[in-house]
Amino acid sequence: MKTKLKDMIKTAAEAAYRAGALESDDFAPVAIEEPKAGAHGDLATNFAMLNAATQKMAPRKIAEVVVSYLADPDGIIEKTEIAGPGFINFFLNPSAWHPILHEIHEQDGRYGACDMGDGQNIQVEFVSANPTGPLHVGHGRGAVVGDSVATILSFCGYSVFREYYINDSGKQIQTLGRSVYLRCLQSAGRDVTFPEDGYQGDYIWDIAKTLMDQAKEWLLGAGEDEAVAYCAKYASEKILGGIREDLALLGVGFDHWFSEQSLYDSGKVDAAIKQFQTKGLIYDSEAALWFRTQAFGDEKDRVVVRQNGQTTYFASDIAYHRDKFERGFDQIIDVWGADHHGYIPRISAAIKASGKNDDQFHVILTQLVNLLRGGIPATMSTRAGKFVTLREVIDEVGCDAVRFIFLTRHYESQLDFDLEVAKQKTNDNPVYYVQYVHARISSIFKKARTEKGIKEVSGDEASVGRLSEPEEIALIKHMARYPEVIRSAAQWMAPHRVAFYLMDLAAAFHAYYNKHWVLTSDPKLTDGRLYLILAVQKIIRNGLSLLGVSAPDTM
RNA sequence: GCGCCCGUAGCCCAGUGGAUAGGGCGUCAGCCUCCGGAGCUGAAGAUCGCAGGUUCGAAUCCUGCCGGGCGUACCA
């Protein structure tokens, strides 16, 4: 509808210029918006104001000229008004909105999709939590945001690849192995001290017990290095398996789980360091190797190989991000917790040093999550010892509610996640409000079939033409907005826009439902209304699927 | 100190330079003879942190300040 009107305005302005009524044909792009106040019409444009300078005319005068040259072959405009500083307000015929319904039904699950991405290969790397402990609720936020962004981008024509980077190498895995090993020794009654930097959680005890059941003799007899290495491998695989399960429960899956260790095994870390060394981007100082990140905008240079000869996490990350581009991705998106934001300049520097443009690299920083129970911080858990795990939250609250709560805030605002609120089935927790629309419509159709004997909905002109109630037109107008909401959600990588849209649509539906009867004694009117609410249901289902939330037929 | 994010009604949050700043919770007053009340209608409630600036127009852009969070490793 907006594009249609846009074209009409552009055509009118050009016609006015040819007729000599306007001074310049250098027009600003036409922007159409929906006025907040109904008295300002269905749609409006600030076209006249934007062009006041180039036309050297008063905005209201320009508006008059444009309106007088406006052609409306389809008769969609009921009337126009010039208002305020020079807005042109359009009041449309209600019937002008009817074709939207056919569009929705024809495109069905693809309604709102677009080809914005033009098939570009885009990689979304998210979660990537170290396999040294269970996921917590903050990881859950990154998982849900990353997953939903990926789904939306895919819906908008990008070829999306989801990836999880496993930090299965280096110091923290060593520490994990040592922690497990020491717990094994302790459980065998050996008097060993457990270091402060070891992993304290109860899950380490659980793993140690399992290991002792399986290989007690070997563990206690083997050399320490060998035993620690074995424990590290066993524990990290075990924990990673748990992480996969937790994410699956959240409806999050990946195309590839990328091993950090594989970068070392294939020599890609060494290769990256060597190549940057020959380019003079890595230098030797104080017995360590430094990357010249400062030359690319970082506040200081960063170490890639430490004095002790070990590479840093940054070294493998350089290799990893190079590898991403070598695999042919046009765009890469990293979803990180906000506590890693200081890492952006150095990764960005590494990418620029590799000859890539850093506008091909985008970081989504999800702000931290405060877990509460009834308003009180719920940092302590009865089971896991240290913190409440993501798994416990999903088990208690449910996947749909967890996802929706994460997606009803912009990822850049901090989030208080209250377990008590998340379990409530009130409008404090709007996932149910939206799902309820879907279930309610299913229920109406069930009733239509069983009690009215209605087999199918025709949606022909005679029935759709009966849709003239203000609430009906409001619903269709709302649904007409859906495609641009999706586009903006993709453009800004902001799934919360979809969530808020769905809540608004749900409100419009509930209001309609409360005021008007769908299953009337008039078959044509009933058919039109069923056609209308079926469209609403499709969009609710469509939108929820972009958020990874289910659309139940009964609740 | 420096860097990043956030300050919008009692509380939680939307808001793409546009007209009278929107929802939800909570509060108050109402709505079921019949499609699911996990619903609807109405009311009260805001100096958009503060002060400047940019322009026809600023919650939105710029500068400074004040709050809060996070970061500032040869940790990950």
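In what follows, chains carry the letters A, B, and so on, assigned in the order in which the sequence lines appear, proteins first and then strands, with residues in each chain numbered from 1.
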Considering only nitrogen or oxygen atoms on both sides, find all protein atoms under 3.5 Å from nucleotides 23-26 of chain B and state each distance.
unit_1 : atom_1 : unit_2  : atom_2 : d
G24(B) : O2'    : N427(A) : O      : 2.7
C25(B) : O4'    : D428(A) : OD1    : 3.4
C25(B) : O2'    : D428(A) : OD2    : 3.4

Among [options], which is the nearest nucleotide to the side chain of [X]?
{"X": "N514(A)", "options": "C35(B), C74(B), G39(B)", "answer": "G39(B)"}
{"X": "H496(A)", "options": "G15(B), C35(B), A38(B)", "answer": "G15(B)"}
{"X": "D339(A)", "options": "U16(B), C70(B), G18(B)", "answer": "C70(B)"}
{"X": "R306(A)", "options": "C35(B), A76(B), C13(B)", "answer": "A76(B)"}
{"X": "H40(A)", "options": "G36(B), A19(B), A76(B)", "answer": "A19(B)"}
{"X": "L368(A)", "options": "C74(B), A14(B), G69(B)", "answer": "G69(B)"}
{"X": "H341(A)", "options": "C40(B), G18(B), C70(B)", "answer": "C70(B)"}
{"X": "A439(A)", "options": "C35(B), A19(B), G36(B)", "answer": "G36(B)"}
{"X": "N89(A)", "options": "A19(B), C40(B), G36(B)", "answer": "A19(B)"}
{"X": "Q414(A)", "options": "A38(B), A76(B), G68(B)", "answer": "G68(B)"}

Test side chain to side chain contact (heavy atoms under 4.5 Å, CB included) applied to N308(A) - qualifying residues, sequence neighbours left out:
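With sequence neighbours excluded, N308(A) shows a side chain to side chain contact (heavy atoms under 4.5 Å, CB included) to R306(A), Q310(A), given in chain and number order.
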Would you measure the distance from the [atom1] atom in [N] across to the matching atom in [M] and give it in whole Å?
{"N": "C2(B)", "M": "U20(B)", "atom1": "P", "result": "40 Å"}
{"N": "G1(B)", "M": "C62(B)", "atom1": "P", "result": "22 Å"}
{"N": "G7(B)", "M": "A14(B)", "atom1": "P", "result": "8 Å"}
{"N": "C13(B)", "M": "C56(B)", "atom1": "P", "result": "37 Å"}
{"N": "G17(B)", "M": "G10(B)", "atom1": "C1'", "result": "31 Å"}
{"N": "C25(B)", "M": "C61(B)", "atom1": "C1'", "result": "33 Å"}
{"N": "U47(B)", "M": "C70(B)", "atom1": "C1'", "result": "30 Å"}
{"N": "G36(B)", "M": "G23(B)", "atom1": "C1'", "result": "24 Å"}

Under a 3.5 Å limit for both distances, which nucleotide forms a Watson-Crick or G-U wobble pair with [N], could you say?
{"N": "C48(B)", "answer": "none"}
{"N": "C56(B)", "answer": "G18(B)"}
{"N": "G1(B)", "answer": "U72(B)"}
{"N": "G10(B)", "answer": "C25(B)"}

Output all residues satisfying side chain to side chain donor-acceptor pair (under 3.5 Å) with H362(A), sequence neighbours left out; order by chain, then residue number.
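Residues passing side chain to side chain donor-acceptor pair (under 3.5 Å) with H362(A): none at all.
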Pair [X] + [Y]: ring centers closer than 6.0 Å:
{"X": "H510(A)", "Y": "Y436(A)", "value": "yes"}
{"X": "F404(A)", "Y": "Y432(A)", "value": "no"}
{"X": "H496(A)", "Y": "Y411(A)", "value": "no"}

Between [X] and [N], is there a contact of a side-chain N or O with OP1 or OP2 at under 4.0 Å?
{"X": "R302(A)", "N": "U72(B)", "value": "no"}
{"X": "Y433(A)", "N": "C40(B)", "value": "yes"}
{"X": "K171(A)", "N": "A73(B)", "value": "no"}

Identify whether any heavy atom of [X] sits under 4.0 Å from a base atom; if not, whether one sits that close to sugar-phosphate; answer base, sugar-phosphate or nothing.
{"X": "A44(A)", "value": "base"}
{"X": "K425(A)", "value": "base"}
{"X": "Q367(A)", "value": "sugar-phosphate"}

Determine if [X] stacks with [N]; use a centre-to-centre distance below 5.5 Å and an interplanar angle below 30° as the criteria.
{"X": "W492(A)", "N": "U16(B)", "value": "no"}
{"X": "Y313(A)", "N": "C75(B)", "value": "no"}
{"X": "H340(A)", "N": "A76(B)", "value": "yes"}

Run the salt bridge (Lys or Arg N to Asp or Glu O under 4.0 Å) test on E163(A) and K324(A) for me, step by step, so that the C-alpha distance in whole Å, both residues' side-chain angles and the decisive distance to 0.1 Å come before the verdict.
CA-CA 10 Å; E163(A) 189 156 302; K324(A) 291 185 183 190; 5.9 Å; no
Would a 4.5 Å heavy-atom cut-off, applied to side chains only, mark I533(A) and Y513(A) as touching?
no
Is any side-chain heavy atom of V397(A) less than 4.5 Å from a side-chain heavy atom of K423(A)?
yes
Would you mind telling me which of F126(A), Y164(A), Y320(A) makes a ring pair (Phe, Tyr, Trp, His ring centres under 6.0 Å) with F258(A)?
Y320(A)
Taking side-chain hydrogen bond (donor to acceptor under 3.5 Å, both in side chains) as the criterion, tell me which of Q261(A), K268(A), E260(A) meets it with S316(A).
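Of the listed options, the one satisfying the test is E260(A).
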Contact nearer the 5' end of RNA chain B, comparing Y432(A) with E33(A):
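Its nearest nucleotide lies further toward 5', so the answer is E33(A).
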Mind telling me whether C32(B) is syn or anti, cutoff 90° either side of 0?
syn
